[in-house]
Amino acid sequence: MAIVAGADFGTLSVRVTLVDDHKGPLGLATADYPLHRRRDDPDHATQSHGDHMNALVRAMHSAFAGAGIGGGDVRALAIDTTGSSVVMVGEGLEPLDDYYLWCDHRAKAEAELITTLAHREGLEAIEWCGGVYSHEWGLAKLLHWLRHNPDKRDRFVTALEHCDMVVATLTGVTSPHELKRSVCAMGHKWMWNRRWGGLPSQDFLSRVDPLFDGIRDKLGGIYMTSDAVAGHLSPDWAERLGLSPGIPIPVGALDAHWDAIGAGCRVGDVVNVVGTSTCIIAMAPDAGLIRGVCGVVPGSVDPKLVGIEAGLSATGDIFEAIARRANTTVKELSKGLDRYRAGETGLMRLTWDNGDRTVLVKAELGGVTLGWNLLHTAQDELFAAIEGTAFHTRIILERMAEGGVPVERVINGGGLPQHNTSLNQIYANVLGRPVLVPGGLPTGLGSSIFASLAAGSYPELESAQDAVCLPFRTFEPDPDAQEIYEQLFGLYKTLYFGLGGDGEPVSIAHILRDLKRIAAISSGSAPADPVYS
C-alpha cells in the first residue's frame, strides 16, 4: 500500500488528488490561476508557468490539510496537463514567454501551411492526425511564436508541452538533453511517431519555414510513455510542496488521456471527457488511419495499446455562453431540463461555436441554431445544445467504429456529467446505448494511478485501475426518446456534413419543416406522421 498524489492542470485551476492506492481517494483540493485573454484578439489565450507552480503548491498543502495526512506519507507524484499548451524556453529551461494555452487559436495560418505542405509532399504523419494539422497544436504554435518574437529568437533553446515542463521543473532538469518528453503529448500534438523515426524530417520542417532550421535537434530529449519514471522530486520543490525529496515522478501526459484511465477505460470503451470542451478517448490493440480523427498514437493512453483521440472544440463553454447571454448560470438554467422530451423544442443546434475539431477539422465554422420561434427561451437553447453535442459525439463514435476501433461501452467522464443527469440521459438516448458515469469525480484519478505504478504498488495498469477507479452509475436509453432521436440524427447528419462543407449543398427548407413536425409529435400535439428528408 502507498499514498500517492496526482496533479491535474486544467484550463483554470490545478487539482491535487491524494489516493491510498489500495483503498481509493483520500481527499483533493484545487487552486486557481488566471487565464490571460485579450478583448482585441479573441484567439489569444496564455498562462504563466509561475502561476501554475504557485497554484500547485497551494493545492498540495490544501489537500494535505483536507485529508489529514502529512506530505511525508506520499510515495510518488504524477502530473497531467492540458495540451497542446506550449512554452518557449531559454537557457536553464527558463520561460521566455507565457504558455500558448491549448485554446489559443492564433496559429491558424501556420497550421494551414503545415497541412498544405504535408499533403503536397505526401507526409505520412499528416494522415495519422486526421488529415489536418491543427492550430491548437505544438508545431503551429512554435512557428507562430518564432514569427512574432524576433527579439527573443536568439535566446530560444527549446519548446515544451506543459506536462513536460512541469515534470522537468519538479525534477530539477535544466538541460534540454536531459528532458523526458511525453509520447502522449508529442504523439498527438507534434506528429511524433516511432513509425517514421520520431518528428517529421528536418528537410520537411525547413520547407515549412526557414525559421524551423535546426528545430528537430532543439526538440530533442528522450521520448517515453508514462509507465517510465522521468526523475525524482528535487529537494527545493520537495520543501515547497511539503513532500519528501527523491520520490519518483513518472513521465507526464495530457489530462484527457489520464482522465480516461481514471474513469476506468479498457479496450472496447470510449470515454467522453466532458468539460469546457470534450475529449473522446479510446484504446485498441492496433488501429489504422481514421479520416478526420486527430490522433492515433501507440502508447499514449495505456503504454501497451494504441490511443485514439478525438473531440469537440467546445461543450461546457457553449453552455456557459448560453447562460451568460441570459444573465444566469448553467446550474440555474439546468433546473427542469429533465422535464423536456426528445426534440420537443423544435431547435437543432450545431455546436461549432469554437470550430469543429473532429471529424471535419475546420476551425472557421461557427455555431448554428435552426428552428427558432418567438417563444423560445434560453433553457430551450441549452437543451438543444446538449442534444447537439450528443449528436456530434455520435458522428465521431461512428467514424471511430468505421476505422476499426471497438466501441462497446460509453463512459461519460470529466466534470460536467457529475452535475447534470439530463446530459447523461440525453447522451444515452442519442447514442442508443447505456452511458456509464463514474460514481464520483474521476478527474485526477488517472494521474494517481500512474503515480502508484511509479511507486511500485502494482505491476500493471489494470490492477491499479481495479483498486482506484470508482463504480459506475448507468443511464439506459429510453426507447421512445431513442426513436425520436433516430429521426433527428438523420437531419443532423445531413446538416453537419452539408453546412460543414464535406458533402452536397443542403437545402434547409425540409429540415425546418421536419423539426416542427417532430417537435409536435414529441409534445403529443400531432400524430406520428413519417418524416420526409
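No experiment lies behind these values; they were computed from the predicted model shown.
Comment: Arg106 does not engage Asp43 in a salt bridge, judged by the lack of any side-chain N to carboxylate O separation of less than 4.0 angstrom.
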Verdict with reasoning, Asp380 to Thr377, per side-chain hydrogen bond (donor to acceptor under 3.5 Å, both in side chains):
CA-CA 5 Å; Asp380 294 335; Thr377 66; 3.3 Å; yes
Give the C-alpha distance, both sets of side-chain angles, the deciding distance and a yes or no for side-chain contact (heavy atoms from CB on, under 4.5 Å) between His105 and Glu136.
CA-CA 6 Å; His105 288 177; Glu136 291 188 356; 2.8 Å; yes
Under the side-chain hydrogen bond (donor to acceptor under 3.5 Å, both in side chains) criterion, do Asp104 and Tyr99 qualify, and how do the steps go?
CA-CA 9 Å; Asp104 187 298; Tyr99 285 92; over 6 Å; no
Ile449 and Cys469: CA distance, side-chain angles, deciding distance, side-chain contact (heavy atoms from CB on, under 4.5 Å) verdict
CA-CA 9 Å; Ile449 287 169; Cys469 291; 3.9 Å; yes
Stepwise salt bridge (Lys or Arg N to Asp or Glu O under 4.0 Å) test for Arg181 and Glu161:
CA-CA 8 Å; Arg181 293 190 188 262; Glu161 280 287 336; over 6 Å; no
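Environment of NZ in Lys516: sparse, with no more than 12 heavy atoms of neighbouring residues, nucleotides or ligands closer than 6.0 Å.
Ring-plane geometry between Phe450 and Trp258 is classed as parallel, the angle between the planes falling under 30 degrees on a 0 to 90 degree scale with a further cut at 60. A perpendicular orientation is assigned to the rings of His52 and Tyr33, their planes being inclined by more than 60° (bins at 30° and 60°).
The backbone N or O of Lys304 sits less than 3.5 Å from a side-chain atom of Asp302, completing a donor-acceptor pair. Looking at Ser523, its side chain never comes within 3.5 Å of a backbone N or O of Glu344 through a donor-acceptor pair. Side chain of Thr30 to main chain of Arg15: no donor-acceptor pair is present (N/O by atom type, distance under 3.5 Å, no hydrogens or angles). Glu408 contributes no side-chain N or O that, together with a main-chain N or O of Val267, makes up a donor-acceptor pair within less than 3.5 Å. In this structure a side-chain-to-backbone donor-acceptor pair under 3.5 Å is present from Gln379 to Leu333. No side-chain donor-acceptor contact under 3.5 Å links Arg409 to the backbone of Gly268. Within the 3.5 Å criterion, the main-chain N or O of Asp8 finds no donor-acceptor partner in the side chain of Asp255.
For Glu332, the salt bridge (Lys or Arg N to Asp or Glu O under 4.0 Å) partners are Lys335, not counting sequence neighbours.
Each of Leu515, Leu370, Val368 was compared with Ile508 under the side chain to side chain contact (heavy atoms under 4.5 Å, CB included) criterion, and only Leu370 meets it. Checking His188, Lys189, Arg194 one by one against Trp192, the side chain to side chain contact (heavy atoms under 4.5 Å, CB included) holds for a single residue, Arg194. Of the residues Ile411, Asn412, Val435, the one that meets the side chain to side chain contact (heavy atoms under 4.5 Å, CB included) test with Phe472 is Ile411.
If you look at Trp145 and Tyr100, their ring centroids are not closer than 6.0 Å. Between Tyr485 and Phe391, the distance separating the two ring centers is shorter than 6.0 angstrom.
Residues Ile322 and Arg325 meet the side-chain proximity criterion, which asks for heavy atoms closer than 4.5 Å. Side-chain contact between Asp353 and Asp317 is absent, with no heavy-atom pair separated by less than 4.5 Å. In this structure the side chain of Ile484 never reaches within 4.5 angstrom of the side chain of Asp480, judged on heavy atoms. Using a 4.5 Å heavy-atom threshold, the side chains of Arg357 and Thr278 count as separate. Side-chain contact between Arg394 and Tyr492: absent, with no pair of heavy atoms (C-beta onward) separated by less than 4.5 Å. Between Arg147 and Asp209, the closest side-chain pair of non-hydrogen atoms falls below 4.5 Å.
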